[in-house]
Number of protein chains: 2
Amino acid sequence: MHANVKQNVVPLITPGLKVACSQCNLRELCLPFGLDDTDMARLDSLIGGGRKLKRGQHLYRAGDPFESIFAVRSGFFKTDVLTEDGRDQVTGFQMAGEILGMDGISTEHHTCNAVALEDSEVCLIPFTELELLSSEIHSLQHHLHKVMSREIVRDHGVMMLLGTMRAEERLAAFLLNLSQRFSARGYSHTEFHLRMTREEIGSYLGLKLETVSRAFSRFQDEGLISVQQKHVRILDLPRLKSLLAPPDGRIA
Amino acid sequence: MHANVKQNVVPLITPGLKVACSQCNLRELCLPFGLDDTDMARLDSLIGGGRKLKRGQHLYRAGDPFESIFAVRSGFFKTDVLTEDGRDQVTGFQMAGEILGMDGISTEHHTCNAVALEDSEVCLIPFTELELLSSEIHSLQHHLHKVMSREIVRDHGVMMLLGTMRAEERLAAFLLNLSQRFSARGYSHTEFHLRMTREEIGSYLGLKLETVSRAFSRFQDEGLISVQQKHVRILDLPRLKSLLAPPDGRIA
DNA sequence: TTCTCGCATTGACACAGATCAAAGGGGCAC
DNA sequence: GTGCCCCTTTGATCTGTGTCAATGCGAGAA
């Protein structure tokens, strides 16, 4: 019981948690994508086991030495960066099959914090060994590059959102993005549970929590969604999507 | 003469432009970083030559098939993404020694536009061959990963800027970033020429061009910088830096 | 040289979203 | 089960930045 009380103790690796990529139902979303059986077995052999995190625990913090990247096996994470003066910016939310920690490669130290938003499990992928293996397995190498590139493209999307969209567009884009990602994992794309607070959504979207709350209420008033605390149901997907087009519907 | 008139004709590769990495004064900033002589020669042999662009020409456009990444040899670029409805967001400005095009790896197509903001030259680095070589040269592989990771970290910085900073902080951060990058290339870190318009700065910073202009004027009024059109001189670097700390100077 | 056009500056005003404030409501710990 | 605290909602007001508009300046063309 009381071993779980202190949530900030970094848990040790749990070798018993190890599950082979080949047995993992996320393999089509995750790093092993496109590997044949023998290559997947080789990837399996380097994955250092799993790690369980309770809600609120840090997977890593800015400044931690970089050794591994992580694949989310289950649960939900946020990453954030903070300035010296205490302001922080949520840079992303990660769900099953997504890769965390690539920010650390450039300086050998992590540059952001990764926090579990619910009880979660990750696979540890030691990076030096991954590089070694990927120099032998071309498809693994190429897929790793794709995963990193995808992160860059995703970031560009967030810049677009932060730089050009108004509050309701941002929230609509956020909900549609979650919807699509849940859907890709076999969950409903119209009904889901938000793992993050209004404040965290706001930080991600460059808005204050009150603005996020008001936008949710407005969407509900207009029959686009129903929302009750963290439970969201999308009632009118097409109209929600149409919010991303500007009022005049002009074509460039 | 008139061959230069149509700026949108995509120029062919100019094999005569090829300059060996080993002869390039940017090699410490660019991809060859950390390679020994023999490995650098191997990298040289795959670089497909250079390409010259006039001001205003596209290096690539969103949707173009991805084949190469590019190293800026000289000049200045911007990258931007645009929504269906015509709004666009500048995602970065690239100068000598920086790498362009990594957004294209994930989908095999470029996802943004890259435009020369002045007459420029780039080195073409065919990506498939780069992967092949990097699987043989470990330090090249690792450095490529660092370059991609650095791009991710940079993007997080932009998100921070867009999500949490006010107009004058954004502009200060922008100027300090340029200052630092010019300095790293041996140019003055207090006096430089902006290659982009107020509108492009505004797009990058999530501001309207009038707001950028007003912020420049305010900085000048307060003796932080002197600015005349595109020519900027930083007069009080420490005070400019102090703008990035919040008014109350609180420590987190 | 002069003309021109795109870029930049500056002012007045409007408005989206921030801020400040107060009151519910629900989930988690005990 | 019960109680507390955090999260959320909603209202009133304020303000930074956007919008609209006019003028100014400078680089490049002829």
Side-chain angles (χ1 to χ4, degrees), chain A residues 1-7 54-57 78 87 89-90 117-119 161-172 174 193-221 225-232 243 246-248, chain B residues 1-2 4-5 7 54-56 78 87 89-90 117-119 161-172 193-221 225-232 243 246-248:
Chain A
M1 271 295 127
H2 78 290
N4 285 334
V5 171
K6 283 200 86 68
Q7 300 218 338
K54 307 289 292 180
R55 182 156 76 94
Q57 252 180 341
K78 72 167 177 182
R87 282 178 296 185
Q89 170 73 28
V90 171
L117 295 182
E118 61 182 21
D119 294 0
L161 180 147
L162 291 170
T164 74
M165 293 186 186
R166 25 190 58 254
E168 293 190 2
E169 290 179 277
R170 295 185 197 190
L171 186 63
F174 174 70
H193 185 81
L194 299 173
R195 272 71 173 183
M196 68 298 281
T197 67
R198 299 290 188 265
E199 184 167 19
E200 286 161 338
I201 297 172
S203 172
Y204 182 61
L205 300 179
L207 301 170
K208 292 294 164 184
L209 68 95
E210 295 94 331
T211 305
V212 173
S213 178
R214 279 185 243 271
F216 270 124
S217 299
R218 177 91 71 101
F219 283 176
Q220 178 156 254
D221 291 348
I225 65 173
S226 87
V227 52
Q228 204 170 11
Q229 301 290 118
K230 292 195 158 64
H231 185 84
V232 171
L243 284 186
D248 60 9
Chain B
M1 268 298 125
H2 78 289
N4 284 334
V5 172
Q7 300 218 338
K54 306 288 294 178
R55 183 156 76 97
K78 72 167 177 182
R87 282 178 296 186
Q89 170 73 29
V90 171
L117 295 182
E118 62 182 20
D119 295 359
L161 180 148
L162 291 170
T164 74
M165 293 187 185
R166 29 191 57 251
E168 293 190 3
E169 290 179 278
R170 296 185 198 191
L171 187 63
H193 185 80
L194 299 172
R195 272 71 172 182
M196 68 298 281
T197 66
R198 300 289 187 264
E199 185 168 19
E200 286 162 338
I201 297 172
S203 172
Y204 182 62
L205 299 179
L207 301 169
K208 291 294 164 183
L209 67 95
E210 294 94 331
T211 305
V212 173
S213 179
R214 279 185 243 271
F216 270 124
S217 299
R218 177 91 72 102
F219 284 175
Q220 179 156 254
D221 292 348
I225 64 173
S226 85
V227 53
Q228 203 170 13
Q229 301 287 119
K230 292 193 157 66
H231 185 84
V232 172
L243 284 186
D248 60 10

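Every chain is numbered from 1 and lettered A, B, ... according to where its sequence line falls, protein lines coming before strand lines.
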[X] [atom1] - [N] [atom2] separation (whole Å):
| X | N | atom1 | atom2 | value |
| --- | --- | --- | --- | --- |
| A:E168 | C:dG17 | CD | P | 8 Å |
| B:R218 | C:dG11 | CZ | P | 12 Å |
| A:Q228 | C:dG24 | CD | C1' | 14 Å |
| B:R170 | D:dG16 | CZ | C1' | 11 Å |
| A:D221 | D:dT9 | CG | C1' | 12 Å |
| A:K208 | D:dT15 | NZ | P | 16 Å |
| A:R166 | C:dA18 | CZ | P | 12 Å |
| A:M165 | C:dG17 | CE | P | 13 Å |

Problem set entry | Residue A:E199 excluded, over 12 heavy atoms near CD under 6.0 Å | no
For this session: Between C:dG17, D:dT19, C:dA8, spot the one nearest the side chain of A:A167, thanks.
Result: C:dG17
Problem set entry | Test: A:D119 and A:K54 ion pair at under 4.0 Å | yes
Seminar exercise, completed: Numerically ordered, the residues 197-207 of chain B set in heavy-atom contact under 4.0 Å with DNA chain C is B:T197, B:R198
Exercise. Any sub-3.5 Å donor-acceptor pair from A:R87's side-chain atoms to B:T164's backbone N or O?
Worked result: yes
Can you pull every protein N or O that's under 3.5 Å from an N or O on nucleotides 10-13 of chain D?
| from | atom 1 | to | atom 2 | distance (Å) |
| --- | --- | --- | --- | --- |
| D:dT10 | OP2 | A:S217 | OG | 2.5 |
| D:dG11 | N7 | A:R214 | NH1 | 2.9 |
| D:dG11 | O6 | A:R214 | NH2 | 3.1 |
| D:dA12 | N6 | A:R214 | NH2 | 3.3 |

Seminar exercise, completed: Taking for B:F216 and for A:V212 the nucleotide of DNA chain C with the nearest heavy atom, the one nearer the 5' end belongs to B:F216
